[in-house]
Structures are given as structure tokens and as C-alpha cells.
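Taking it in order: structure first as C-alpha cells, then the write-up.
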Amino acid sequence: LSPEARDALQKIDREGYDVARWLADRGIAAFVLKYRLARDTANTAAGKPQPYKIDNEPRADALRAVRLIRSRAAEWGVNPDRVGIMGFSAGGFSALAAAIHTDAGKADATDPVERQSSRASFQALIYAELPRGDYELPKDTPPAFLAVAFDDTPKAAPLTNYLLKLKAANIPSELHVYTHGGHGFGVRTDRPNLPISGWPVRFQEWLGDMGMLKK
């Protein structure tokens, strides 16, 4: 495998399957989305144009995933009113884009999946890469859980500013900034003595506080 491919596999474990298993072990259904990458150097030859754009396909894949889960909620035993979206690092960019660009679905769509709402019930952005410049938050922006390390310099300030934007829009939100942890800590950590290793528990508590874990 190329270095890029190995890195992608490590990330989908650390920021995907490991997180899903942690949640599933606590009775919270979780799904891992493998979306189309805007910078896919593992599958696109050097010098060739990238086939996807960061503002298009990754967001479309995230929105489609929310609709798909809702369309099969009865089959999979999940509550269609409690379908949230979580993203890490670059995946956080796609999660945020999906959270603030939604629609109620098309009732007359031939595809039953497209009849479902794409609005996430909540968003969780963990050391997320956020859009540059200003952007508007719609009134129905879902509640947000945010976590980042203070020493993750490129991500700490933007996520803090995003909390202020959410507060100004009166969107229920929670931000955890941990002194140490760096970038890419995922749900695992080789330093379990650090407080940042407890962020998944804080997330579970937040879900409970938001009424997402009620039977």
C-alpha cells in the first residue's frame, strides 16, 4: 500500500470503526460513512485532476447517508428523529456542510431514500476542519457537540469561533477544549492519563442531556 492508502485506512479505523464500536458498546447505533474524497491521491494518478470537489461530493454523500438511515430506520431499529452526524478533521468539514445545507426531502421522488429529510438531529465536530471565511447558519441548524485540543493550533480557534456563532444563533451547543492532545486523537489514545481521552464520555452525557438517548 502507498503511504496515502495506509494513512486512509488508519483514519477510518481511528475516526470511524473505533468510534462506532465505542458507541455500539453503549447501546448507541452508529454507521461509518466512506465518502468520496476531494483529494484522493491514493486512487488518482499524479498529475491527473481530482474527480471530486470538497464542496460537492463529500457533502452529498453525508446528506445521502442521513436520508438512507432514516429510510431504513424501522429495519435497523433506530429512531429516525435521532439521526446525527459526526466528523473528525477533514471529515468534520463534510459533517458541518451537511448539517447546514439540508432539505426536507422530495415527497414525489422516485427514489424512496430521497423522500427523507437530510437534516441531522445533531452534529458532533471533533478537531474539525471548518470552512474559511464567513458562513451563515440556518435557523434549523442542529445542536452541536465540539471537542478539540488547545495545542491543536489550526483547529482550536476556529472551533471556538464556531461555538460563538452557534451561541449568537441560539443553537444549543457544547465545546470541550483540552489542554493537551494534539490532532488526530480519535477515540483511542496512547496517553489514557490525559483528560482528552474522556471526550467520548462527555459526548454520551451530552446526548443524554439533549434527550437523544431516551427509550
Side-chain angles (χ1 to χ4, degrees), residues 11-12 15-17 19-24 26-38 40 43 50-126 128-131 135-146 162 165-166 169-174 203-204 206-215:
K11 285 182 177 179
I12 201 169
E15 300 169 354
Y17 297 119
V19 180
R21 292 187 191 99
W22 192 95
L23 292 169
R26 289 153 181 81
I28 303 170
F31 304 81
V32 178
L33 171 64
K34 183 182 286 188
Y35 60 88
R36 291 169 288 181
L37 297 174
D40 189 0
N43 296 299
Q50 294 288 334
Y52 308 124
K53 296 184 181 300
I54 194 169
D55 292 328
N56 297 329
E57 285 80 9
R59 179 178 69 189
D61 291 347
L63 292 171
R64 175 74 178 185
V66 173
R67 295 189 210 272
L68 177 63
I69 293 169
R70 284 208 169 102
S71 72
R72 302 181 66 174
E75 175 187 351
W76 290 338
V78 300
N79 187 330
D81 296 327
R82 299 176 189 170
V83 179
I85 190 165
M86 173 183 282
F88 297 74
S89 195
F93 184 99
S94 300
L96 173 60
I100 63 177
H101 295 92
T102 64
D103 63 68
K106 301 175 182 177
D108 58 350
T110 303
D111 181 357
V113 174
E114 291 300 313
R115 299 172 195 161
Q116 301 292 325
S117 169
S118 64
R119 180 186 179 274
S121 304
F122 61 87
Q123 55 178 309
L125 307 181
I126 315 301
E129 180 178 321
L130 300 186
Y135 52 94
E136 296 296 323
L137 296 183
K139 293 181 179 179
D140 63 346
T141 295
F145 176 91
L146 315 172
Y162 182 49
K165 184 183 287 286
L166 289 162
N170 199 32
I171 307 298
S173 306
E174 186 166 305
F203 175 56
Q204 183 182 11
W206 180 80
L207 287 175
D209 187 40
M210 297 303 298
M212 295 292 169
L213 303 182
K214 293 180 180 179
K215 298 294 186 180

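Residue numbers run from 1 in the order of the sequence given.
- Considering every non-hydrogen atom in both Ala60 and Arg36, the closest pair reads CB-NH2, 4.2 Å.
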Determine whether Thr141 and Gln123 satisfy the following criterion, side-chain contact (heavy atoms from CB on, under 4.5 Å), listing intermediate values before the conclusion. CA-CA 9 Å; Thr141 295; Gln123 55 178 309; 3.5 Å; yes
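- Taking 4.0 Å as the cut-off between side-chain N and carboxylate O, Arg64 and Asp111 count as a salt-bridged pair.
- From Glu15, atom CD reaches atom CD1 of Ile126 across 10.0 Å, with rounding to the nearest 0.5 Å.
- With rounding to the nearest 0.5 angstrom, the CG atom of Leu33 is 8.0 Å from the OG atom of Ser94.
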Derivation and outcome, side-chain contact (heavy atoms from CB on, under 4.5 Å), residues Val66 and Thr102: CA-CA 10 Å; Val66 173; Thr102 64; over 6 Å; no
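- When all heavy atoms of Trp76 and Ile69 are compared, the closest pair comes out as CZ3-CA, 3.8 Å.
- Of the inter-residue distances, the one linking Leu137 atom CG with Lys165 atom NZ reads 5.5 Å to the nearest 0.5 angstrom.
- To the nearest 0.5 Å, atom CZ of residue Arg119 and atom CG of residue Asp103 are 12.5 Å apart.
- Phe145 meets the ring pair (Phe, Tyr, Trp, His ring centres under 6.0 Å) test with His176, Phe203, Trp206; sequence neighbours excluded.
- Atom OG of Ser118 sits about 11.0 Å away from atom NE2 of His101, to the nearest 0.5 Å.
- Contact check for Glu174 versus Leu166: no side-chain heavy atoms found under the 4.5 Å cut-off.
- What you find for Arg70 and Gln116 is that their closest heavy atoms are CB-OE1, 3.6 Å.
- Within a 6.0 Å sphere centred on CD of Glu136, other residues, nucleotides and ligands contribute 12 heavy atoms or fewer.
- Remark: Phe122 CZ to Met210 CE distance equals 10.0 Å, nearest 0.5 Å.
- In this structure, the side chains of Phe31 and Leu68 stay at 4.5 Å or more apart for every pair of heavy atoms.
- In terms of heavy atoms, Gly92 sits closest to Ala128 at CA-CB, 3.7 Å.
- Side chain of Arg67 to main chain of Val113: no donor-acceptor pair is present (N/O by atom type, distance under 3.5 Å, no hydrogens or angles).
- The two atoms that bring Ala98 and Ala62 nearest to each other are CB-CB, 3.6 Å, heavy atoms only.
- Smallest separation of non-hydrogen atoms from Ala109 and Glu114: CB-CB, 3.8 Å.
- The shortest distance between side-chain heavy atoms of Leu213 and Gln204 falls below 4.5 Å.
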